[in-house]
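Notes follow once the structure below has been shown.
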Amino acid sequence: MSDFHSPSIAYAALSPILIPGIAATVGVLVDAFVPRAIRWQTQTAVALLGLIGALIAVSVLAGTHTITADTAVAVDGPALFIQGTIAILGIGSILLVSDRSPGLDGGAFVAQAATAPGSQEEREGAASGHAQTEVFPLMMFAITGMMLFPASNDLLLLFVALEVLSLPLYLMCGLARRRRLLSQEAAVKYFLLGAFSSAFFLYGLALLYGYANTVSLAGIQAATVSSGHNDNLLFLGLGLLAVGLLFKVGAAPFQSWIPDVYQGAPTPITAFMAAATKVAAFGALLRVFYVSFGGLGWEWRPIAWAIAILTMVVGSLFAITQTDVKRMLAYSSVAHAGFILIGIIALNKSGLSGSLFYLLTYGLTTIGAFGTLSLIRDPDGEATHLSRWAGLGRRSPVVGSVFALFLLALAGIPLTSGFTGKFAVFSAGVSGGATPLVIVGVVTSAAAAFFYVRVIVMMFFAEPVADGPVVATPGGGTAGAIAIAVAATVLLGIVPQPVLDLANRAVPFYH
Amino acid sequence: MYSALHAVTYAKSTGVFDLTFLLVLFPAASAAVLLLGGRRTDRWGHLLGCAAPLASFVIGVIEFFALISRDGGQSRQLDQHLWTWVPVAGFHANVNVLLDPLSITFVLLITGVGSLIHIYSVGYMEHDPDRRRFFGELNLFVAAMLLLVLADNYLLLYVGWEGVGLASYLLIGFWSHKPSAAVAAKKAFLVNRVGDVGLSIAIMLMFATFGTFSFSGVFTAVHGPGVRSGTMLAIGLMLLLGACGKSAQAPLQSWLLDAMEGPTPVSALIHAATMVTAGVYLVARSGAIYDVSPHARLAVEIVGAVTLTMGAIIGCAHDDIKKVLAASTMSQIGYMMLAVGLGPGVYAIGIMHLLTHGFFKANMFLGAGSVMHGNNDEVNMRRYGGLRKLMPVTFVTFGFGYLAIIGIIPFSGFFSKDKIIESALDKGGATGDLFGAVAIAGAGLTAFYMTRLMIMTFFGVKRWPRDVHPHESPKIMLIPMAILAAGSLLAGYLLVLGGSLQHFLTPSVGSSIEQGAHTISPWVLSVITLAVVLGGVAAAWWLVGRKPVPAEPPTHVTLATKAARRSLLGDDINESIFMHPGAYLTRALVFFDNRGVDGMVNGLAALVGGSSARLRRTQTGFVRSYALSMLAGALAIAVSLLLVRVG
């Protein structure tokens, strides 16, 4: 009976996953034992150390190709590139989370998340001026899941990683200090729909197991090239599995949660979700489709085309009539998911490297955009209604210009990182035979440019509104995150070559 | 192998030549600090502004000596690769800088004369509250011009080209509170745009024809088989259009006189070291293209000859000291264009005149600024008179410039202008004789209007109003003027002796024609030219110097004088040929745009907006409907995957 062998595990290769996990565990202990006066600072330090450690581990591991923990985890170029990206985006997010400066009303997080909105306890919590610090370990746990997600080489581990990254996110959505009801509604919505999508994922997993008699990605790939299996199971499983992953990246028609959740969540968490979650989910999506189902391109590509087109169109079209800047950015993230899908559909090396590069540029710009957004404030929190932004650029040229830079990058204007990323993905799409898709991408980019530029016009050419929102002086955290994002957005637009080379060296998947 | 024989290759830069990028970086970084730093940098802004071009000048000098110390075996054309901007198959936008004899010549001129103008500006702009912004924009100007001359491909050159256009717009309109300055800036920008279109079309033609826009690639490819002469002519003419815009050559000359609205150091910078020399540079740099297209060369010569005459005539009639100098710039650039148009072997002579002109014109502009500085910013020469006693240093330095521009031996202008006249006559044939005659006549006219300027400004009786007290300028302004005056005197020898400049420039623009086959002996020609020049001086004394200068310009004058006073109707021609038809065309287009295009676009926008608003209703906010849409999507995916497999 003792034919169970404990698998050999290359702990060094797993260190980018383990270090944030350790930091998260330490964070739990810190929350329990460190006195309140220095708890916030300690948590920030622990989290940043964990992420910097992970980043160092990734750079040390660069060039590694190995499969470890039996066949469950693959450490290869794309996985490391995604992990490095997540570590960088995580640093930016933690910096945003850690900002408790008075300009931002003491941070974005509530004192006690469990109090009922409008209750006496909540008023007391708000009056106390405290803010809970569980958000740090929660975020580090989510990052641990995200690190594992793109490296998972079998479907079961993929599911575990999915849940590890999702559960903390559900909680964090409900932690907003202001507009508590909206925040809690967002958390519940995200949780219900997330659970729903996980069910699809699990069902797909089961069907694929029935088809291939294995859950390893390479095993499924081997099964698809041999005959004698029931193809109905394969395609049903593939479809349902894709639903679970497409939900996380926010592709249409599974995007409906995005605007509500992004709007309700505390802005640093929104930035984290829009950037890091999307990167991790695309990492997994890329691995599953390039490794397991690459040979079935002819079968699933037409559907993927339809989803990509729908995502780009829905994202751009919905964004046009948004009057809330945060919701507009949410829809823009949907449109961007559609653009990155082109890189997946291309199914070639440049598609993979282009997607990797795009994810990095998009993630950094998004962190910066949400970080800047959190500075525009009314007496009752962030002023996200577009009409309140009139003339903002004239009153605060620096903040206005920085936000304009991020918007131009999201629109893909040359000399910003957004252009380089779009260019990489679109040219890969053309070489991968998806020219019509690229044309749709370009047309929807043009439509999307409208609503980005509209905000810029509003900020710089409209008359400032009386008693308009104030521009808060950011604390070190927010300022640092925005500075990183500005530097990356400009540098990756003007001198993208070193990072493009890095992405090119990271491909292909090892399996 | 024919094409191998003509292959143009540049060596990779090493050692000290790897510093080339710093030439551009210093002024660019300084401009960024001064323009973005805001009021915080007010106190020391002008010092940083002066230090940046000086630092570039120092590097330029070091690189110059490193370059001439490379012997014949080593290449003197050194390319530094900085980075590639988005490489795609078949399209390489390289950011490379090329250091070769031609570019280092311009670098030294731009940074050397430019630095002197910067230092002078410290004094000139002392009382201006926006002095820091002024220096930031001057630095931007210098950086853009350096990028223009250091680029190793036409695309990067175009970046610098546009940067120069932008910086000149900002500087001409520096005192934008004056409507005339704002209008002049706009005019300069618009006229330059016309030229820019020409340059951009030329670059597109190059890329379409040769598949590259790097200098080495294009210059090698022009000798390749199957290059049609019509294409080369088109490229040559489009480059010429670009050159006409920047260098204020007919028919795009009209902006230059208005550009005097900018502060005087800007005029000096535009006229001597940057901007107007860009066109000459472009033609000289593109020598390989003009070498294979004689018709394009003829067009350059015609433009040069026409402009040199026009400029000289306009210069005779204006009373505004800066406008006279501006007209003389037009005319002198015309000489340079004529020279570079004469083609193989004469490019170096055009560049030589450009260098000597850089000295004496900067000298005279700074002198004019000094005169204005001492006369409450008065520019009308009819309000000057007898200033030589009150402003002796300005008078002497300006006098050096004057003697240089009219070409009196041994001042620098004599050497360079004489060589152009000589080369024009040497061309032979009817056109050669005609251009030679025009060039000699131009020399006479130059002598006339410059003498008129000297007489009205420095001689005669005082005519300034009671409340003006002319005085000499501070030292910080006089020292740069003195240095430039020395250059006006000496530059000629240094460049001409033993054909040193021509030898130096050979790797960039090809070797100069052997001396010997002259139509007229150079000595005879020099005597003839000097005689014409002295005739011009005498005529000026006869017409202007003999009698008192009236305070108001006489009204009963010939038609020719009237036309010259209106700058040979340049604006009227522009207005009747371009502006009025343009305005009608615009109105017609606006009508069509409103009815046709806008109707379509608005309709489309309404459709998009409407469908967006309608679709938005699906975003109900209810989890149940979201879940339903997910379920529908999942079903659709699963069913269509199965269908695809079956079908």
Side-chain angles (χ1 to χ4, degrees), chain A residues 185 188-189 192-193 196-197 200 203-204 231-232 234-240 242-244 246-247 251-257 259-260 296 298-304 306-307 310 314 316-322 327 414-415 419-420 423-424 427 431 447 450 493-498 500, chain B residues 21 28 32 35-38 81-95 155 159 601-602 604-647:
Chain A
E185 182 189 324
V188 171
K189 259 185 198 165
L192 286 175
L193 293 172
F196 194 42
S197 80
F200 279 112
Y203 196 5
D231 281 359
N232 285 336
L234 169 65
F235 287 107
L236 270 178
L238 164 62
L240 297 181
V243 170
L246 290 172
F247 172 84
F254 314 107
Q255 91 299 350
S256 41
W257 60 278
D260 294 9
L296 299 174
W298 284 108
E299 278 79 8
W300 58 259
R301 262 188 182 165
I303 321 298
I307 293 172
L310 192 65
V314 164
S316 307
L317 210 56
F318 274 57
I320 287 176
T321 36
Q322 297 306 319
R327 274 184 93 85
L415 292 180
F419 171 76
T420 328
F423 191 90
S427 57
S431 69
F450 166 77
I494 298 174
V495 223
Q497 203 52 47
L500 276 174
Chain B
F21 75 99
L35 294 178
L36 300 178
H81 177 67
L82 295 177
W83 75 83
T84 309
W85 190 70
V86 194
V88 194
F91 179 91
H92 291 278
N94 275 330
V95 182
L155 195 67
V159 175
V601 171
N602 289 342
L604 197 65
L607 184 72
V608 170
S611 46
S612 175
R614 231 158 284 142
L615 279 172
R616 217 177 136 184
R617 283 184 215 145
T618 60
Q619 194 73 24
T620 53
F622 291 122
V623 178
R624 54 176 187 266
S625 58
Y626 293 175
L628 192 65
S629 73
M630 278 176 62
L631 182 64
L635 274 177
I637 288 178
V639 168
S640 37
L641 268 171
L642 291 175
L643 280 180
V644 165
R645 197 182 63 87
V646 172

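Excluded from the calculations below are hydrogen atoms, water molecules and symmetry mates; all remaining heavy atoms, backbone and side chain alike, are included. Throughout, protein chains are lettered first and strands after them, A, B, ... in sequence-line order, and every chain is numbered starting at 1.
- Each of A:W300, A:F450, A:F235 has some count of heavy-atom pairs under 4.5 Å with chain B, and the biggest count is that of A:F235.
- With a 4.5 Å cut-off on non-hydrogen atoms, A:F254 touches chain B through its backbone and its side chain both.
- A:L192 touches chain B through its side chain: at least one heavy atom from C-beta onward sits under 4.5 Å away, while N, CA, C and O do not.
- Heavy atoms closer than 4.5 Å to chain B are found nowhere in A:L234, neither backbone nor side chain.
- Counting heavy atoms from C-beta on, the side chains of B:V623 and A:V188 never come closer than 4.5 Å.
- A:L193 touches chain B through backbone and side chain together, each having a heavy atom under 4.5 Å away.
- Considering only residues two or more places apart in sequence or on other chains, A:F247 meets the ring-ring contact (aromatic ring centres under 6.0 Å, His included) condition with A:W257.
- Residues A:R327 and A:D260 have side chains in contact (heavy-atom distance under 4.5 Å, counting atoms from C-beta outward).
- If you tally non-hydrogen atom pairs under 4.5 Å between each of B:I637, B:L82, B:L631 and chain A, the highest count goes to B:I637.
- Residue A:S316 does not touch chain B at all, counting heavy-atom pairs closer than 4.5 Å.
- The residue among A:I320, A:L310, A:N232 with the most heavy atom pairs within less than 4.5 Å of chain B is A:N232.
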side-chain contact (heavy atoms from CB on, under 4.5 Å) between A:L236 and B:L641, worked out: CA-CA 7 Å; A:L236 270 178; B:L641 268 171; over 6 Å; no
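- For A:E185, the salt bridge (Lys or Arg N to Asp or Glu O under 4.0 Å) test picks out A:K189, with sequence neighbours left out.
- Note: A:F423 and A:F419 have tilted aromatic rings, judged against thresholds of 30 and 60 degrees for the angle between ring planes.
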